[in-house]
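First, the structure itself, so that you have it in front of you.
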Amino acid sequence: QVQLVESGGGLVQAGGSLRLSCAASRLTFSRYPMGWFRQAPGKERDLVAAISWSGGSTYYVDSVKGRFTISRDNAKNTVYLQMNSLKPEDTAVYYCAAGTPWGTVLATSDVRHWGQGTQVTVSS
């Protein structure tokens, strides 16, 4: 069993910023690729950003490129999502996710461990 706990969500005005954090326990964090997904009401859970186990490679969906940055601190067992220039369409529950050690996490099918989610609401 592993535990992923997200924090940092909240209510922000359009154009503002938030920084999400995901703290991991009971896993060898540095070996896991990590990702952030989001799910709005009535919609599927989709990938937002991903980072390799080493932190050397990142991936972003087109809708967040240039606005969001994923990073990780393996010494702190934590992955972050810095979100700038937020838009109302970014409103969703954001989920931290871990894949297979030394693998990739680019889709829900890659995910082996999910966080509980944190709500992000962007007002216009």
**Report entry** Pair Gln116-Glu6, side-chain donor/acceptor within less than 3.5 Å
**Finding:** yes
Query raised in the report: Are Arg19 and Tyr80 in a cation-pi contact, defined as NZ or CZ under 6.0 Å from the six-membered ring centre and within 45° of the axis?
Result: yes
**Report entry** From Ser57 atom OG to Ile70 atom CD1, the distance as rounded to the nearest 0.5 Å
**Finding:** 11.5 Å
Report task. Ignoring hydrogens and angles, tell me if any N or O in the side chain of Thr91 forms a donor-acceptor pair with the backbone of Val122 under 3.5 Å. Result -> yes
Report task. Output the distance between atom OG1 (Thr118) and atom CG (Leu81), rounded to the nearest 0.5 Å. Result -> 11.0 Å
Query raised in the report: Rounded to the nearest 0.5 Å, what separation is found between the CZ atom of Phe68 and the OG atom of Ser17?
Result: 9.5 Å
**Report entry** Qualifying residues under salt bridge (Lys or Arg N to Asp or Glu O under 4.0 Å), relative to Asp90, sequence neighbours excluded
**Finding:** Arg38, Arg67
Report summary line: Rounding to 0.5 Å, atoms NZ (Lys87) and OG (Ser124) come to a distance of 14.0 Å
Report task. Return the minimal non-hydrogen interatomic distance between Ser52 and Gly56, and the atom names on each side. Result -> OG-N, 3.2 Å
Query raised in the report: Considering only heavy atoms from C-beta outward, does the side chain of Thr104 approach that of Tyr59 to under 4.5 Å?
Result: no
Requested in this report: Determine whether Asp110 and Thr100 make a side-chain contact, defined as any pair of heavy atoms from C-beta on separated by less than 4.5 Å.
Outcome: no
Requested in this report: Kindly determine whether Phe37 and Trp114 satisfy ring pair (Phe, Tyr, Trp, His ring centres under 6.0 Å), including the steps that lead there.
Outcome: CA-CA 10 Å; Phe37 293 73; Trp114 291 101; 5.1 Å; yes
Report task. Would you kindly say whether Asp73 and Thr78 are connected by a side-chain donor-acceptor distance under 3.5 Å? Result -> no
Requested in this report: Report the distance from atom CE of Met34 to atom CG of Asn77, rounding to the nearest 0.5 Å.
Outcome: 9.5 Å
Query raised in the report: If two hydrophobic side chains count as joined below 4.5 Å and joins carry through other members, does Trp102 share a cluster with Val111?
Result: no
Report task. Sequence neighbours left out, what pairs pass disulfide (SG to SG under 2.5 Å) with at least one residue falling in residues 54-95? Result -> none
Query raised in the report: Step by step, would you call Leu18 with Leu86 a side-chain contact (heavy atoms from CB on, under 4.5 Å)?
Result: CA-CA 8 Å; Leu18 286 172; Leu86 283 162; 4.1 Å; yes
Query raised in the report: Is a donor on one side and an acceptor on the other found under 3.5 Å between the side chain of Arg72 and the backbone of Phe29?
Result: yes
Query raised in the report: With hydrophobic residues grouped by side-chain heavy-atom distances under 4.5 Å, do Trp53 and Leu47 end up in a single group?
Result: no
**Report entry** Within residues 41-114 or reaching into it, pairs that qualify as disulfide (SG to SG under 2.5 Å) - sequence neighbours excluded
**Finding:** Cys22-Cys96
Query raised in the report: Which is it for Leu20 and Tyr95 under the side-chain contact (heavy atoms from CB on, under 4.5 Å) test, yes or no, and what are the steps along the way?
Result: CA-CA 10 Å; Leu20 306 183; Tyr95 296 90; over 6 Å; no
